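Lettering follows sequence order; numbering is per chain, from 1. As the structure is a prediction and not an experimental result, all values here were calculated from the model.
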There are 2 protein chains.
Amino acid sequence: MTPERRRGEALVRAIHEAALAEVAETGLGGLTMEGIARRAATAKTVLYRRWATPFELLVDALGEAHPVEVPTPAADDLRADLIAALTLLTDWMITPAAGAVLAITSERARYPELAEALYRKVFDPRGGTFTATVLRHYAASGRLDPRRLTPITTQIGEALVFKLSIDSDRIPGPDEIAAIVDEALLPALGL
Amino acid sequence: MTPERRRGEALVRAIHEAALAEVAETGLGGLTMEGIARRAATAKTVLYRRWATPFELLVDALGEAHPVEVPTPAADDLRADLIAALTLLTDWMITPAAGAVLAITSERARYPELAEALYRKVFDPRGGTFTATVLRHYAASGRLDPRRLTPITTQIGEALVFKLSIDSDRIPGPDEIAAIVDEALLPALGL
DNA sequence: TCATTAAGCTACGGCTCCGTATCTAATTTG
DNA sequence: CAAATTAGATACGGAGCCGTAGCTTAATGA
C-alpha cells in the first residue's frame, strides 16, 4: 500500500547494499544482475541503465562503502596502540564490505580486473595497513628502531588475525588480539 | 583415431584431476558436472553413476590428492628446519589441490559442509601444521622452551606465508621465507 | 499545473546447466 | 570366444540468467 518510489541516490545506495549482501551470500561467481535486482526490490532495467555488468556495480559499491577508520596512535603506549589497531581491523571484518573484499582477494586469479579495481579504489586511497600506521608513527618519533620495520614485521599482526579467522571461522576476540601483540608482534620488534 | 576407452580407476583419476582443475578455474560456485565432464572428456552420465553432486566428487578428489610431505626435522638446526618446513608449504601451494583447498576455505561461509569434509578428509589425517611439527620436535628434545609453543607462535610462519601470497599474488621465495623465520618466528620463540 | 524524467513491470529469444533416459560399442571376465 | 560390464554419445523438458524492448506510472521541477 506504499507506492513510495525510490529515486536517484537513495535508490543507488539500496542497490549498492544489495550488491554487497549478494556477494557475501553467493560469491563472485554467483553475482548476477537478476539477483541484485531481486534483493534490492527493483527491476533489472534499472541496473542496466547505470552499469553494464555486476562487477562494475560491485566496484562502485565498494568505493562508496564506509572507509575504514584510521588508527590514531596515542604515541605513549605501543602495546595499547597495536591492540587498538588490530581491533579496528576486526571491527571492519564484520562489515558487509569486508565479505566482498575477502571474496575478491581470494578469487583474484579468476577476476584480476576486479582485484585491480579494488586496490585502485579502496586500498590505495587509504594509506597502508593498520599496524603499519602505528609502527611508522612510533619509528618516526624515535621510540622504535626503524630497522625493525620490514615488509614482514609490519604484516605480522594482520597476518595472524586473518589466519586465526580462517582456522576458527570466527573473528579473534580481545584476548586473542592481545596474545598476537604480546607473543608475536612485540618480540619481533625487539621488545 | 584412438578409441582407447578409459575404465575404472584410470577414468576416476582423470575425473578427479579435471575436478581440481575446474575448481581452480571457475571457483566453487561455477563447479558443474557438465564442466567437469567436458574437461575430463567423458560423458555426464559417467559422473552421475558415481557421484550425486559436483561437491561429493570434489571431496573425493581431495581425498585422493597427494598428501603433503611431513617435515622431518634434523633437530640440530632450528632455523634451517623452519625454513624447510615453510618451503614444503610453498611447494604444496602450487599444486592443483591447493587451489581447491583455498577456494573451499575462503568460501567456507557459503558451503560449510564442504569445509567440514575438507577438514575431516584432508587436514585431520595429517597431524598439525608445517612449522608446528618442527617446533614440537624441538620442544620435546628440550631445545626450545615449551611455553613458547602457543596457538599464536605455531601459526606465525604459515600466517605470513599466506599473507604475503595474498598481498603480492605470488608464492614467497626463499629470501622471503628466510626473512619470515629470522624477523618473525625466531624472535617470537625468544631466540 | 503540466511536461519531463526515471522507476517499475512484463515479456522475449538465447544460452547453459540440471538430472534422466536410451542406445552404442569398447573392454573385461569367465 | 561369448557374456557381462560399463564408457560414451545423444536427446529431453525444466529452470535460471542473459540483455533488450515496450509500456505504465510515480516523482520532480519549471
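Between the CH2 atom of A/W51 and the C1' atom of D/dG19 there is a distance of 16 Å, given to the nearest Å. Atom CD1 of B/I36 and atom C1' of C/dC17 are 12 Å apart (whole Å). Between B/L47 atom CG and C/dT20 atom P the separation is 13 Å, expressed in whole Å. In this structure, B/R6 places its CZ atom 10 Å from C1' of D/dG8, rounding to the nearest Å. Going from atom CG of A/L31 over to atom C1' of D/dC18 covers 14 Å, rounded to whole Å. Across the protein-nucleic acid pair, B/E56 atom CD and C/dG19 atom P stand 11 Å apart, rounded to whole Å. Per the geometry, NZ belonging to A/K44 stands 10 Å off C1' belonging to C/dC12, to the nearest Å. Computed from coordinates, the A/E34 CD to C/dC12 P distance equals 15 Å when rounded to whole Å.
For B/R49, counting side-chain heavy atoms from C-beta on, the closest listed nucleotide (D/dA7, C/dC18, C/dA7) is D/dA7. Taking only side-chain atoms of A/L11, from C-beta outward, the nucleotide of C/dG8, D/dG8, D/dA7 with the closest atom is C/dG8. The side chain of A/T45 lies closest to C/dT10, out of C/dT10, D/dT10, D/dC18. Looking at the side chain of B/V46, the nearest of the listed nucleotides D/dG8, C/dC17, C/dC9 is D/dG8. In the set C/dG19, D/dC18, C/dG8, the nucleotide with an atom closest to the side chain of A/M33 is D/dC18. If you check D/dA7, C/dA7, C/dC17 against the side chain of A/R50, the one that comes closest is C/dA7.
Contact between the side-chain N/O atoms of B/R38 and the OP1/OP2 oxygens of C/dC17 is found at a separation under 4.0 Å. Contact annotation: B/T42 side-chain N/O to D/dG8 OP1/OP2 distance is under 4.0 Å.
When hydrophobic clusters are built by joining Ile, Leu, Val, Met, Phe, Trp and Tyr residues whose side-chain heavy atoms come closer than 4.5 Å, directly or via intermediates, A/L164 is grouped together with A/I171.
B/Y138 contributes a side-chain N or O that, together with a main-chain N or O of B/D76, makes up a donor-acceptor pair within less than 3.5 Å. Panel note: side chain B/T153, backbone B/A188; no donor-acceptor pair is recorded below 3.5 Å.
Remark: A/R79 engages A/D182 in a salt bridge, criterion side-chain N to carboxylate O under 4.0 Å.
The six-membered or imidazole ring of B/Y111 lies near that of B/F55, with a centre-to-centre distance under 6.0 Å.
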